[in-house]
Structures are given as C-alpha cells and as structure tokens.
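Reviewing the structure listed below.
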Amino acid sequence: MPPSTPSEVRVRAACPHDCPDTCAMEVTVADGRAVRIRGAADMPFTNGTLCTKVAHYLERVYSERRLLHPMKRVGRKGEGRFERISWDEALDTIAAKYREIAAEDPRAILPYSYCGTMGLVQGESLDRRFFHRLGASLLERTICATAGAHGWKATVGAMLGADPEAASEAGLILIWGANPVVSNLHGWRHLQEAKRRGARLVCIDPRRTDTAKKCDLHLAPLPGTDGALALAMMQVLIAEGLLDREYIARHTLGFDALAVRVRACTPEWAAPLTGLAAEAIRSLAIEYGRSARSLIRLNYGLNRCAGGGMAVRNVACLPALTGAWRHPGCGALLSTSGNFPVDVQALARPDLYPDARRFPPRALNMSFIGDVLLDSRDPPVRAIHVYNANPVAVAPDSRRVRAGFAREDLFCVVHEQFQTDTADYADILLPATSQLEHRDLHKAYGHPYVVDNRPAIAPLGEARSNTAVFRALARRLGFAAAALYESDDAIAAAAFRADDPRVAGLAEGLQARGWARLALPAGHAPFADGGFRTPSGKCEFFSAALAHEGLDPLPAWHPPAESVPSNPALGARYPLALITPPARNFLNSTFANQARFLADEGGPKLEIHPEDAVARGVVEGMRLRIHNDRGDFIARAVVTTDVRPGVVCSPSVWWPKLCEGGHNANAVIAARPTDMGGGPTFYDCLVEVEPA
Ligand SMILES: Nc1nc2c(c(=O)[nH]1)N[C@H]1C(S)=C(S)[C@@H](COP(=O)(O)OP(=O)(O)OC[C@H]3O[C@@H](n4cnc5c(=O)[nH]c(N)nc54)[C@H](O)[C@@H]3O)O[C@H]1N2
Ligand SMILES: Nc1nc2c(c(=O)[nH]1)N[C@H]1C(S)=C(S)[C@@H](COP(=O)(O)OP(=O)(O)OC[C@H]3O[C@@H](n4cnc5c(=O)[nH]c(N)nc54)[C@H](O)[C@@H]3O)O[C@H]1N2
Ligand SMILES: [Mo]
C-alpha cells in the first residue's frame, strides 16, 4: 500500500451492506474528503479486496443524486415532486403528527426498516428504542431469511454452523441455493481453496450460475423442490446404511420416526417433483454418504418458496446422519450470526413500551406491507416511517404495495440516501448519511469477525444519521428516558454482552485494528460433540416445538404454491416458473440507480430456455412482457440453456421507475407467506412470457 501523504488520514470502516461477507475497509481522507477506499489487507476474511460494488463506494457517497436536505411533498403521492424545507420544519411536522396519532392509539404508527445498513447502531438501536417508547406497532422483519432460519433452528437450535474459514478442510461441498461468486465472494475464496486441495464441488441451483459453472457438478432442481431432494437423499442414506450410527445414537432425536417417514421418499418418488433424474439423486446421496468430510453451504435461495422453511430443515438433517458435524469446516453452514452475543435487550429496550395493558403490542409483517396498509385492521396504520429499506421496489405484489403507499390518509416519512421509488411516496423526505459519515459496529452472517466503522468524513449537506433523527424526534416528543439520547459510541460499546467469553479481547482488537475475531477456536465445529441448541440438546429429526406450532414435527414435503405439478390449473395459464435472484452489480435495490452498475447490468433481462423461446416466438434481445394475474414487467430476452425448460430467471432488484413500464419483477410475485417464519415467496411464481 503506498504511504499516505502528510495531509491524508486513514480511517477504519465496515461495509454496511446486507451480504454475508461484512468487509473491513480502509478509507483514505484528504482535506476532509474521502479519496480512496479499499478492503482491509490485514483482515483475514476481507483479505484486501472489495466486491465491484463497494470498491466504487465513493461514487455512491459523492453522487450528484444524494439527498442532501429535508423536503416535503408538493406533488401527488408517488409523483416524486418535493420542495426543500428546514430540519426544524421537518422534525416539527413529524413530531406533531406522531403526537396526534399516539394520543389515540400509538400502534397506528408503523416503523418500516430492513438492512440498508446492517450496523448494530444505525440499524437496530435508537430506532427500536424510540418506537418502543412511542408504543408503535412492532415490525416483523421477515423479508429475507425467517423461513430458513425457522427450519434451521427447529433442527439444530441456533444460527450456528461450520467455520467458513475452515471450509478448505472439506472433501465434498454442496453449494445449495447459494451463488457465492455473486453474493458471498469472500466466502467463495475458501470454497475454491477446498477445490484446489481436491474437494469436489456440487452446485444445487435451478439456474446455471457463475458459481455452478465453476463446480464439478451442477444439479438443477425445479424451484421450490429442494425439500423433496433432501428427503430422497435421506431415504438413500438410510436404505444403504450410509450412516454414522454412533453420532445418530448420541446426538440426534427421532431417527426411527425419520426412517419411517422417508421410507417411501425414494429417488424415483422425488424425480418427477424435482425434475432431476432418479439416478442423479441416488448417486448424489451415495457420494454424500461416503464422504464423511462434507460441507453443505446454503444461502437463502431455497427459503424463498412456499415450503422454504421445511426445505432448509430437511437439508439441515443431512450432516447429522453422516456425522459430518464431527469435522472442522464440515457439516453445514447457513449463517454464522448466532455466534455473536448481541445484547438485543440493551440495544432495543423493549421495556420502554409504555402501556401494554391499554395497547397490547401489535406486530405487523413487513413482507406483506401492501396488505398491512390496505386491509382493514384495528387500529389502521395511519403513519409509516421508512428507513434502511425500499419496500416499493423490494416487497412482493407491487400493485398492492403502491396502492397502500398511495393512501391519501397515510402519513409517510422516508429517510433515505437517494430518491427511491419509496421516497416518491413520502410526505416528509429526510436525507440520510452514508457509511462514511456515521459511527457503527457490525457483526456478520458469513464469518466470525466484528468490524468497527468510524466516521471518515462529515455528513454531506444536511444529511443526518438514523440515530441523530431518532434523538431529535425523542426530544420533540418530550421523552425523558436517557436511553433515547445515548451516543453512538456508548451504544456501540454496549452492543455485545460483556460477560460472554466470545468477546474476550474484542474492544482491544477493535481499537487496535478496527476488526476482531470472536474468541472461537480456529476451525471450531459447533456440533462435533453434539451440543445442539435445541430443547433436547440433540439434532431434532423430530421437533416437538414444530408440533406445538401446529406444524409437522418430522421432515416433510411442502410443494411450491405455484408450480405446474402443484397447481395445474394455474400452470395451464402460466406455465413458466420465475426466479429473481440477486444481480451481481446490485445489492437488493441498492446500487441499482448508479450509472456504472446500470451500464454493467445492461437493463432488466429474462433468461429463457431455447425451447420455451421458440414456442413463443422469442429471440435473443427481444423485449418481453412477463405477466400473470398480479401484473407485468418488461425485460430483454436472453435465450440460454443456463435455465432449464419451464424455468425463467430475471436477476434483480431493479428500481421500478428506471424500468420501462415502471414495474420490476415484484409486480408479478405473490404476497403469500412461507410455511414457517412468515417469509415471502419471491422464487415461487408462475408467469407467461410474450414479445412486448
Ligand atoms: N451481489 C449481490 N450480493 C448479495 C445480494 C445482492 O442483491 N447482490 N443480496 C444479499 C442478500 S440480502 C442476501 S439475503 C444474500 C443471499 O441472497 P440469496 O437470495 O440467497 O442469493 P444467493 O446467495 O445469490 O443464492 C440464491 C441462489 O438460489 C437460487 N435459487 C432460486 N430458487 C431456488 C430454489 O428453489 N432452490 C435452490 N436450490 N436454489 C434456488 C438462485 O438461482 C440463486 O443462484 O446475498 C447477499 N449478497
Ligand atoms: N424479486 C425479489 N425481491 C427481493 C429479493 C429477491 O431476491 N428478489 N430479495 C429480498 C431480500 S433477500 C432482501 S434482504 C430485501 C432487501 O430489501 P431492503 O433491505 O429494503 O434493501 P435495499 O433495496 O437495498 O434498500 C435499502 C435502502 O436503505 C438505504 N440506506 C442505506 N443506508 C442507510 C442509512 O444509514 N440510513 C437510512 N435511513 N437509509 C439507508 C439505501 O439507500 C437503500 O435504498 O429485498 C427482497 N426483495
Ligand atoms: Mo436478504
């Protein structure tokens, strides 16, 4: 690294984005301006590199399109016409409105946030405290991972798994519903290292992704059918005796019931459901059963279907059958987040809720925000405060979402860095700081490091951080609790439970380097000797907790809500299964307004198999209308065998207002909950396609 000139300073930062990799960054600042950003070379997981998106983060920070002062709406809702106002006017307007609504029933106010930043300070501290103190409705933050997390936790008890930095110890790696080349680049490095050392890589994904192309084997099940594939693998393992009987006897619960349950789930049973050859399923299961040192790297791709919770649960059973959990870097990994002893009570202070007897707390599900805003409920939502999120672009069933945000009687505050489609519906639009302009502290879901974020530059224009806004609102509402006014530094200092052995030495590490690994042994294997975090302490093939929720206690087959076999009437009209996984150059809808990334992506696309294309008179590059009863969107045809017949793929998430016709893929996706966890079903959607 070239030495910095005397006027330059280097500031330690963390990538704020919703990605498993949570990189440590180094920002060079000269005369108050950030001039360089790079991945921290000394942080092992980041390893000195940033993804293409964040390597250009300064273009985002200094973009001409940044919102730099508060505004109020002057046009119609959704039109996006605003007029500059002062912070005082903005905050007074919001406080007056919240006070008026809260006097009747504070639950008519709804916070709406997700992971614009993953920071513990700007993402889940003073915002939570403020809305708890106000007595607002609670938000169920389901839009990404709750289905899979529920299935995973029912089986192994916590969001813990194999150490990603030890993945090179595995001899067989199944990359399942994940595309690490695109969405977990720094984790991919360790999978490649395993390959160099002789491991076999198998990708299980309906689409031949950039990751699949680099694997030894690619299996392309139909979307939403992973649960059946995993059941059939279990059937083969049990029938062939490819089992670690000692591990099963000591560390699992319900094996006999599982064996009965899967007896009929042969590869021949699963073949027509998954669209895979029975022989391919059998040989995968046998290879898996014969490799004790195996790793299943899941991401959330398979949890975005009606049966997504059960699919993840079924997959999570596999390593306990073969005993793969015994070995470092082996077993399975969905998320490392359970390693971090976050003090959620201290951060969020649910105890500040004022009057639970008069206003019993009410929780509303973010994934179905259209229904939340439109269906009658008591009390109706009269105000919504959006920050760290872009629901008009990312939530399913856009027509309903828009109709909800367009309600004239809804008071809408949006706090944003850019004028998103959601911002267009704001009554008051507030400018937000970027990651370089505020303090934060980050855990991760793809590695075991804590990463610090120090402000590198002053806020641009009149931008304010989330915490600054909630402090100012608390003051205007006359709230007394000191917790509502804590400084960012104080919040960060108390974010983890200090008495937890995993944070030993954390503060010193952060101070010295800006990042610190949790005190976990290298190659830690959390379930090597059992110790599952379930009620029984075992890997629960049989889950009494699920039974208690009215769900099947055993692994089961939950078909997609929308597929030709599971819904033939719908399939007759809309025969193509649409998936809309992350585009490489976007991070959900973040970056999807920046010229560089829009140019790289080259406009909304629809990948379609040559057979399906010919049948519809579709040729390469043609403008297509993708539609069903819920709506439509326009994309260019990419005719390719990367998708199989019957499956189409449109990498996402585009800003609707930057798309021809004003809609993105969420216009056709249903607002329907998953089997567990109340998640959305983004990859469970039947459509028809025609030349536009
Ligand atoms: N570049 C980039 N990186 C990202 C994101 C982004 O938008 N862009 N998003 C971030 C976020 S919010 C998240 S949650 C994470 C993870 O985000 P995920 O949505 O889990 O995305 P991927 O890890 O890309 O894996 C999804 C893969 O699952 C496949 N898939 C779709 N349906 C099915 C199915 O039914 N079964 C199986 N087996 N596979 C299926 C898709 O084709 C895709 O390749 O990535 C994060 N990283
Ligand atoms: N069709 C389809 N839809 C999807 C998905 C898909 O695969 N397909 N993926 C889904 C998934 S996995 C997820 S996680 C969700 C993601 O949904 P969201 O969490 O809503 O993610 P983004 O679209 O990135 O929007 C985040 C917004 O927060 C803003 N922001 C960033 N930092 C700050 C800050 O410090 N303060 C404030 N106030 N704002 C800030 C950014 O400018 C950005 O506009 O989308 C889901 N939607
Ligand atoms: Mo996500």
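Remember, it's 1-based here, ligands and their atoms both numbered in the order they're listed. Quantities reported herein were computed from a predicted structural model and do not represent experimental measurements.
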Step-by-step ring pair (Phe, Tyr, Trp, His ring centres under 6.0 Å) determination, F45 to H447: CA-CA 7 Å; F45 208 79; H447 62 64; 4.8 Å; yes
Within a distance under 4.0 Å of any heavy atom of [X], pick out the atoms of ligand 1 and give their elements.
X    : answer
W176 : 38 (N)
P223 : 35 (O)
R584 : 1 (N)
D226 : 34 (C), 35 (O), 36 (N), 37 (C), 38 (N)
T209 : 44 (O)
G177 : 25 (O), 26 (C), 27 (C), 28 (O), 37 (C), 38 (N), 39 (N)

Are any of the N/O atoms in [X] less than 3.5 Å from those in ligand 1?
X    : result
G224 : yes
K53  : yes
P221 : no
V182 : yes

Heavy-atom side-chain contact between L126 and I491 under 4.5 Å: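 With C-beta onward as the side chain, the pair touches.
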Could you tell me whether [X] and [Y] make a salt bridge, using a distance below 4.0 angstrom between a side-chain N and a carboxylate O?
X    : Y    : answer
R65  : E59  : no
R672 : D397 : no
D452 : R454 : yes
R471 : D488 : yes
R584 : E601 : no
R304 : D684 : no

Ring pair (Phe, Tyr, Trp, His ring centres under 6.0 Å) evaluation trace for F470 with H385: CA-CA 11 Å; F470 290 112; H385 189 124; 5.1 Å; yes
For ligand 2, output the ligand-protein N/O contacts shorter than 3.5 angstrom; if there are none, return none.
| from | atom 1 | to | atom 2 | distance (Å) |
| --- | --- | --- | --- | --- |
| ligand 2 | 1 (N) | T580 | OG1 | 3.0 |
| ligand 2 | 1 (N) | N666 | OD1 | 3.0 |
| ligand 2 | 3 (N) | N666 | ND2 | 3.3 |
| ligand 2 | 7 (O) | T580 | O | 3.2 |
| ligand 2 | 7 (O) | Y683 | OH | 2.8 |
| ligand 2 | 8 (N) | T580 | O | 3.0 |
| ligand 2 | 8 (N) | T580 | OG1 | 3.1 |
| ligand 2 | 19 (O) | C115 | N | 3.2 |
| ligand 2 | 20 (O) | N390 | N | 2.9 |
| ligand 2 | 23 (O) | S589 | N | 2.9 |
| ligand 2 | 23 (O) | S589 | OG | 2.5 |
| ligand 2 | 24 (O) | L587 | O | 3.3 |
| ligand 2 | 24 (O) | T590 | N | 3.4 |
| ligand 2 | 24 (O) | T590 | OG1 | 2.5 |
| ligand 2 | 28 (O) | A389 | N | 3.4 |
| ligand 2 | 32 (N) | Q417 | NE2 | 3.3 |
| ligand 2 | 36 (N) | N388 | OD1 | 3.1 |
| ligand 2 | 36 (N) | N466 | OD1 | 3.0 |
| ligand 2 | 36 (N) | N466 | ND2 | 3.3 |
| ligand 2 | 38 (N) | H415 | O | 2.9 |
| ligand 2 | 38 (N) | N466 | OD1 | 2.9 |
| ligand 2 | 39 (N) | N388 | N | 3.3 |
| ligand 2 | 39 (N) | N388 | OD1 | 3.4 |
| ligand 2 | 42 (O) | R60 | NH2 | 2.9 |
| ligand 2 | 42 (O) | E416 | OE1 | 2.8 |
| ligand 2 | 42 (O) | Q417 | OE1 | 3.3 |
| ligand 2 | 44 (O) | E416 | OE1 | 3.4 |
| ligand 2 | 44 (O) | E416 | OE2 | 2.5 |
| ligand 2 | 47 (N) | V394 | O | 3.0 |

Criterion ring-ring contact (aromatic ring centres under 6.0 Å, His included) against F586, the qualifying member of W654, F591, F597: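 Of all the options given, the one that passes is W654.
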Any Y445 heavy atom less than 4.0 Å from ligand 1: yes
CA sep, side-chain torsions, deciding dist, call: L276, L229, side-chain contact (heavy atoms from CB on, under 4.5 Å): CA-CA 9 Å; L276 299 172; L229 174 58; 4.0 Å; yes
